[in-house]
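A short write-up of the structure that comes next.
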There are 2 protein chains.
Amino acid sequence: MVHQDVLDRAFAALSDSTRRGILTRLGEGPATIGELAVPAGMSLTGLKKHVQVLEDAGLVTTEKVGRSRQCSLGTERLDDVMAWITFYQGLWERRLDGLEAYFTLKKGLDK
Amino acid sequence: MVHQDVLDRAFAALSDSTRRGILTRLGEGPATIGELAVPAGMSLTGLKKHVQVLEDAGLVTTEKVGRSRQCSLGTERLDDVMAWITFYQGLWERRLDGLEAYFTLKKGLDK
DNA sequence: TATATAGTGAACCACATGGTTCACCAAGAT
DNA sequence: ATCTTGGTGAACCATGTGGTTCACTATATA
């Protein structure tokens with residue numbers, strides 16, 4: 001799928017624990033590819049790809065400084081992701097309400 | 001990756017708009033594979049696979065009734081997903097605080 | 001200037017994903 | 001008893017993903 005919307009890319013970027021780890025690390029401040037690669041136990045090339053995915057999703061910004069690349073948390077605040085989750089939880093709660101209504105009705109009919 | 005944790009599976013399941021559409025539809029009440037396949041413009045087999053992904057993530061439960069299969073919203077409330085997003089937004093806000101502190105400091109030094 | 005270091009791109013690999021068709025089975029309808 | 005319908009599993013296909021190695025560039029450092 002070449003054409004993914006913002007939600008697709010954001011959710012996909014977050015579906016990997018290595019990438020979530022990178023975000024967590026960057027929450028403490030910027031880091032280079034190498035500094036991120038060591039704790040991830042991964043090659044520079046491999047880690048770079050993860051950063052690319054995060055950058056495409058707007059979760060990370062990078063800047064080449066000297067011979068290394070500084071990675072920082074990006075501009076995407078995940079508001080849309082949060083909104084979708086909240087929306088879903090609304091559906092879910094209403095589903096529960098429906099079940100409760102059903103059982104209440106059933107109880108009423110039983111007695 | 002065979003061993004995915006709950007977050008991995010949940011985020012991955014939500015990273016596809018067809019699947020998010022299925023969840024939205026199921027928020028209005030249960031539906032069969034066929035009823036879900038029509039609006040998705042997809043074969044029964046294709047749609048069944050999406051439902052399987054959602055079921056593996058705990059987002060959907062299904063039950064065979066007669067010759068059709070009833071799909072409903074599952075037990076996964078996405079609390080952990082919500083928690084992660086909230087955690088991330090915390091990181092992000094603190095990052096902003098850091099920038100603000102920096103500029104405040106810089107301003108102080110400039111004058 | 002020579003050497004070490006940080007990152008990058010291309011090529012490759014195994015496996016996952018998102019879809020299809022086809023053959024089949026079980027359950028309803030006639 | 002036959003026919004139709006809803007769903008399923010297997011096989012297949014193209015593309016994506018998560019990782020590697022290797023050759024290379026560009027920047028520091030000695």
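As the structure is a prediction and not an experimental result, all values here were calculated from the model. Numbered from 1 within each chain, the chains take letters A, B, ... in sequence-line order. All heavy atoms count here, side chains included; hydrogens, waters and symmetry mates do not.
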For atom CZ of B/Arg9 and atom C1' of C/dA16, their distance in whole Å: 14 Å
Whole angstrom value for the distance that separates P of D/dT17 from CZ of A/Phe11: 17 Å
Between D/dT5 (C1') and B/Ile33 (CD1): distance, integer Å: 15 Å
Touch class at under 4.0 angstrom, heavy-atom based, for B/Gly46 against every strand present: base
Shortest non-hydrogen separation from B/Arg20 to A/Asp5 and the atoms involved: NH2-OD2, 3.5 Å
Heavy-atom closest pair, residues A/Lys48 and A/Ile33: CD-CD1, 4.1 Å
Distance in angstrom units between A/Glu63 CD and C/dA6 P, rounded: 18 Å
Distance in angstrom units between A/Asp8 CG and C/dT17 P, rounded: 15 Å
side-chain N/O A/His50 vs D/dT17 OP1/OP2, d < 4.0 Å: no
Minimum-distance nucleotide to A/Thr18 side chain [options: D/dG7, D/dG18, D/dG19]: D/dG19
Separation of C/dG18 P from B/Leu54 CG (nearest whole Å): 10 Å
5′-ward residue of the pair A/Ser68/A/Thr45 relative to DNA chain C: A/Ser68
Presence of B/Ser43 side-chain N/O under 4.0 Å of C/dT20 phosphate oxygens OP1/OP2: yes
For B/Leu59 against B/Leu23, the heavy-atom pair lying closest together: O-CD2, 3.9 Å
Shortest side-chain distance from B/Thr32, nucleotide among D/dT20, D/dG7, D/dG18: D/dG7
Sugar-phosphate only, base, or nothing, as touched by A/Lys64 at under 4.0 Å among non-hydrogen atoms: sugar-phosphate
Donor + acceptor pair across side chains of A/Thr32, A/Gln70 (<3.5 Å): no
Sugar-phosphate only, base, or nothing, as touched by B/Leu44 at under 4.0 Å among non-hydrogen atoms: base
Atom-pair distance (CD on B/Gln52; P on D/dG9), nearest Å: 8 Å
Contact under 4.0 Å: B/Arg67 side-chain N or O vs D/dT8 OP1/OP2: no
Sugar-phosphate, base or nothing in reach of B/Gly34, heavy atoms under 4.0 Å: sugar-phosphate
Under-4.0 Å side-chain N/O to phosphate OP1/OP2 contact, B/Arg69 with D/dG6: no
Nucleotide C/dT17, atom C1' - distance to CG of B/Leu47 in whole Å: 15 Å
Parallel, tilted or perpendicular: ring planes of B/Tyr88 versus B/Trp84, cut at 30 and 60 degrees: parallel
D/dT8 phosphate, OP1 or OP2, under 4.0 Å from B/Lys48 side-chain N/O: yes
